[in-house]
There are 2 protein chains.
Amino acid sequence: MMARTSEPLDPKRPSSRKQRGATTILDVARRAGVSPMTVSRVVNGEKNVRPATRAAVLAAVKALNYSPNPAARSLAGAEAARIGLIYSNPSASYLSEFLVGALDEASRTSVQIMLEKCEATSAGERGAVRKLVASGAAGVILPPPLCESHDVLDELRISGLPTVAVATGRFGKGASCVRINDYAASREMTNYLFTLGHRRIGFIKGHPNQTASIEREKGFTSAFADAGFKLDPAMMVQGYFSYRSGLDAAETLLTLKQVPTAIFASNDDMAAAAVSVAHRKGLDVPGDLSVVGFDDTSIATNIWPELTTIRQPITAMAEVALDLVVQAIRNHKRSGGEAKSVDHLVTYSLIKRGSVASPKGAPKPAAE
Amino acid sequence: MMARTSEPLDPKRPSSRKQRGATTILDVARRAGVSPMTVSRVVNGEKNVRPATRAAVLAAVKALNYSPNPAARSLAGAEAARIGLIYSNPSASYLSEFLVGALDEASRTSVQIMLEKCEATSAGERGAVRKLVASGAAGVILPPPLCESHDVLDELRISGLPTVAVATGRFGKGASCVRINDYAASREMTNYLFTLGHRRIGFIKGHPNQTASIEREKGFTSAFADAGFKLDPAMMVQGYFSYRSGLDAAETLLTLKQVPTAIFASNDDMAAAAVSVAHRKGLDVPGDLSVVGFDDTSIATNIWPELTTIRQPITAMAEVALDLVVQAIRNHKRSGGEAKSVDHLVTYSLIKRGSVASPKGAPKPAAE
DNA sequence: CCACTTACGGGTAACGCTATCAATGTGCCG
DNA sequence: CGGCACATTGATAGCGTTACCCGTAAGTGG
């Protein structure tokens with residue numbers, strides 16, 4: 001082989017890379033006559049720095065108009081800020097709004113979101129969590145219905161990742177959550193139907209193992225109890241949040257000897273199914289039957305008549321959730337200790353649309 | 001002074017800093033049997049990499065679920081690409097799938113996505129683009145229906161940003177696009193109805209100023225022409241892609257003296273409306289009337305019977321779109337010259353579900 | 001005045017990636 | 001068949017910051 005000088009040029013010449021004009025921590029350090037480390041300490045508000053030194057550094061910072069490079073900072077280990085988002089049911093409208101919120105907040109706080117879809121099996125759910133952990137997630141947010149999954153929550157607890165569940169009723173369990181007050185919303189809807197004169201109201205329950213279902217049912221029954229109206233047990237039928245289950249439930253309700261004047265479904269899909277069944281039976285909505293839903297998903301406005309329903313501010317909830325995880329991650333890192341989970345309630349709203357009217361032959365609704 | 005070993009321990013042991021589980025470019029490189037540099041090249045879509053090598057790297061990336069650390073990337077000098085995503089119509093299911101695709105690809109290539117919702121007015125659309133430009137977007141992707149908007153496209157041309165439109169039929173205009181072949185898909189669907197024995201097929205057109213509408217209509221009529229069947233002009237009615245417009249259109253079709261045996265709606269919402277009208281008129285679907293849609297949005301499976309329809313791989317299309325913008329941005333930067341726009345076709349599929357059957361009294365469908 | 005803790009500040013090595021350039025391999029021309 | 005252009009890949013050196021580990025100076029008790 002011939003002579004080779006694999007000497008990497010003159011090591012003194014630092015002029016290899018491009019020059020970005022930004023002032024660095026090194027510039028500040030030189031000007032203040034200290035080491036970069038000390039500057040870092042001052043900038044980050046750590047304590048063990050003599051006031052005089054601190055002042056000198058601060059002066060230099062100001063003079064040079066220095067501001068730390070966030071990329072370098074996060075690279076150096078300050079905060080990783082990659083958070084995972086697991087979803088299972090591509091429940092279209094919900095997921096979309098949720099993503100919009102999460103993304104928006106993510107770009108604002110410059111955290112990276114990692115999406116992970118998972119099958120609704122135990123193995124699938126646990127696998128998704130592990131995959132996220134392996135990818136370096138520092139926290140996780142869970143939209144429904146995963147936020148109710150034992151497998152997911154359990155696996156997350158094992159991994160010790162800060163977790164925020166959205167729209168679950170189940171609070172505690174080591175995860176924070178962001179939700180509306182399903183119970184109160186359901187009561188309010190029921191009372192609204194009361195004020196219109198409805199007394200025979202059919203209720204289609206949600207999936208029995210989701211907490212929100214239970215809350216919504218409780219709100220409904222307690223409204224009856226508090227108003228002193230009698231609630232016929234035959235008016236409560238089981239549903240599972242799917243359109244299909246809504247068809248069956250509505251069929252049951254509308255073939256009773258004494259049919260209801262209104263149907264309150266635990267979500268919009270089932271409410272839409274109820275409208276469809278009513279139409280097939282020749283009933284006018286809302287003339288012969290009022291129908292209300294819950295969630296204000298897109299189907300609520302994609303059918304006719306449009307559904308009166310409860311709106312959850314999904315986008316805002318996702319933003320809050322993301323915010324909470326980021327905070328949790330920060331605490332987790334500094335203190336290392338157990339993060340205490342929080343329960344964040346956001347406000348819902350009752351959206352009045354065309355699927356509701358006073359029952360036929362009823363007295364004019366009482367003024368509110 | 002006493003003995004001091006300021007030797008930094010065993011230099012082989014890299015175990016000093018914290019362990020973030022994240023997989024790094026080094027892991028990928030090792031697994032693929034190449035250098036980190038090559039991985040970087042592949043991930044960033046540079047050209048001078050042999051296809052075999054590229055494939056190996058891609059496989060490793062997938063296997064390890066690798067996603068680049070944006071902090072490190074931007075620190076190393078490549079400024080993080082920020083790309084804008086403007087949407088107007090929160091058409092739930094579509095947007096959701098679209099976002100999933102875009103986000104997924106975004107985390108893979110570690111570009112930042114900036115969401116921007118806009119009103120459907122000229123000012124709103126132009127404002128959204130300007131806002132994105134002001135925020136430092138380096139490129140834009142447009143889901144429908146914005147990809148058809150003159151205002152948006154015009155404003156983008158002015159700003160000179162690389163743009164990729166998804167699911168538009170309008171190609172050229174300085175923007176690249178990703179789409180399916182609406183014309184061919186529509187023909188295929190029509191021919192499918194032919195094979196089942198349908199000859200009297202009602203067609204509900206889409207919004208007249210969207211290119212996809214026109215393509216779909218052309219596919220329908222040309223299938224008739226090629227098969228040599230006569231197409232009754234009364235069978236073609238105007239719709240506007242909304243559920244509401246579908247109700248009116250279906251009403252028109254089903255009150256003709258000679259009703260169709262099948263209805264082909266230009267999208268699922270209108271097809272769902274047709275099913276609803278049929279039910280209200282006491283017609284069985286698919287016994288008395290077959291109904292097919294287009295797009296395979298969530299409503300297709302949220303009604304009963306579920307709709308036979310054309311599925312667009314929305315998620316994949318979003319991924320491709322993002323990829324194209326990123327490449328365009330890179331070219332834009334390197335060459336500075338005009339990026340030539342590309343027309344990327346992806347494959348659709350005909351999804352057969354329960355809303356279709358042979359017409360009553362028709363001969364058994366010909367074997368395919 | 002000595003042993004011993006504590007406050008302060010510095011040196012060094014990553015963090016994960018890409019720019020740059022050197023070192024191969026490949027093909028074509030004279 | 002030398003050699004030169006070009007395609008492909010690897011090695012090295014940072015990007016700006018903080019974590020970790022040690023010195024040194026200053027305070028403390030006996």
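Residue numbers start from 1 in every chain, and the chains themselves are labelled A, B, ... in the order their sequence lines are given, proteins ahead of strands.
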Legend entry - Between P of D/dG14 and CG of A/L75, the distance in whole Å: 17 Å
Legend entry - From C/dG16, C/dG10, D/dT18, nucleotide with atom closest to A/S40 side chain: D/dT18
Legend entry - Minimum-distance pair of heavy atoms, taken over all atoms of A/A318 and A/F98: CB-O, 3.3 Å
Legend entry - Side-chain N or O of B/T38 closer than 4.0 Å to phosphate OP1/OP2 of D/dG10: yes
Inset, instruction - May I ask you to test the B/L85-B/L99 pair for a side-chain heavy-atom distance under 4.5 Å? - result: yes
Legend entry - Phosphate contact (D/dC15 OP1 or OP2) by B/S74 side-chain N/O below 4.0 Å: no
Inset, instruction - Show your reasoning for whether salt bridge (charged side-chain N to carboxylate O under 4.0 Å, His left out) applies to B/R179 and B/D343. - result: CA-CA 8 Å; B/R179 59 191 180 97; B/D343 183 24; 2.9 Å; yes
Inset, instruction - Using heavy atoms to find the nearest nucleotide of DNA chain C for B/R41 and B/A71 separately, return the residue whose nucleotide is more 5′. - result: B/A71
Inset, instruction - Round to the nearest Å and state the distance from A/I25 atom CD1 to D/dA19 atom P. - result: 11 Å
Legend entry - Proximal nucleotide (of D/dA19, C/dG16, C/dA19) relative to the B/M37 side chain: C/dA19
Inset, instruction - With the side chain of B/R73 defined as its heavy atoms from C-beta on, choose the nearest nucleotide among C/dG11, D/dT18, C/dC17. - result: C/dC17
Legend entry - Residues A/R126, A/V129; criterion side-chain contact (heavy atoms from CB on, under 4.5 Å); working and verdict: CA-CA 5 Å; A/R126 288 181 180 264; A/V129 175; 5.8 Å; no
Legend entry - Between the first and last five pairs of the helix from C/dC1-D/dG30 to C/dG30-D/dC1, the angle of the axes, rounded to 10 degrees: 40°
Legend entry - A/P36 or B/P36, whichever maps to the more 5' nucleotide of DNA chain D: B/P36
Inset, instruction - May I have the step-by-step check of side-chain contact (heavy atoms from CB on, under 4.5 Å) for A/I25 and A/S40, ending in yes or no? - result: CA-CA 7 Å; A/I25 200 173; A/S40 172; 3.8 Å; yes
Legend entry - Short side-chain N/O contact to D/dG16 OP1/OP2 from A/T24, under 4.0 Å: no
Legend entry - From CA spacing to verdict: side-chain contact (heavy atoms from CB on, under 4.5 Å), B/V100, A/L115: CA-CA 8 Å; B/V100 168; A/L115 250 47; 4.2 Å; yes
Inset, instruction - Using only side-chain N and O atoms of B/T53, determine if any of them is under 4.0 Å from OP1 or OP2 of D/dT9. - result: yes
Inset, instruction - Rounded off to whole Å, could you give me the NZ-to-C1' distance for the B/K47 and D/dA7 pair? - result: 12 Å
Inset, instruction - Please state whether the phosphate of C/dG16, meaning OP1 or OP2, lies under 4.0 angstrom from any side-chain nitrogen or oxygen of B/N69. - result: no
Inset, instruction - Answer yes or no: side-chain N or O of B/R50 and base N or O of C/dG25 forming a donor-acceptor pair under 3.5 Å. - result: no
Legend entry - Nucleotide of C/dC15, D/dA7, C/dC17 approaching B/N48 most closely (side-chain heavy atoms): D/dA7
Legend entry - Pair A/R41-A/M37, side-chain contact (heavy atoms from CB on, under 4.5 Å): steps then yes or no: CA-CA 6 Å; A/R41 274 191 271 261; A/M37 223 16 255; 4.0 Å; yes
Legend entry - Residue A/V49, side-chain heavy atoms: nucleotide from C/dG16, C/dG9, D/dT18 that is nearest: C/dG9
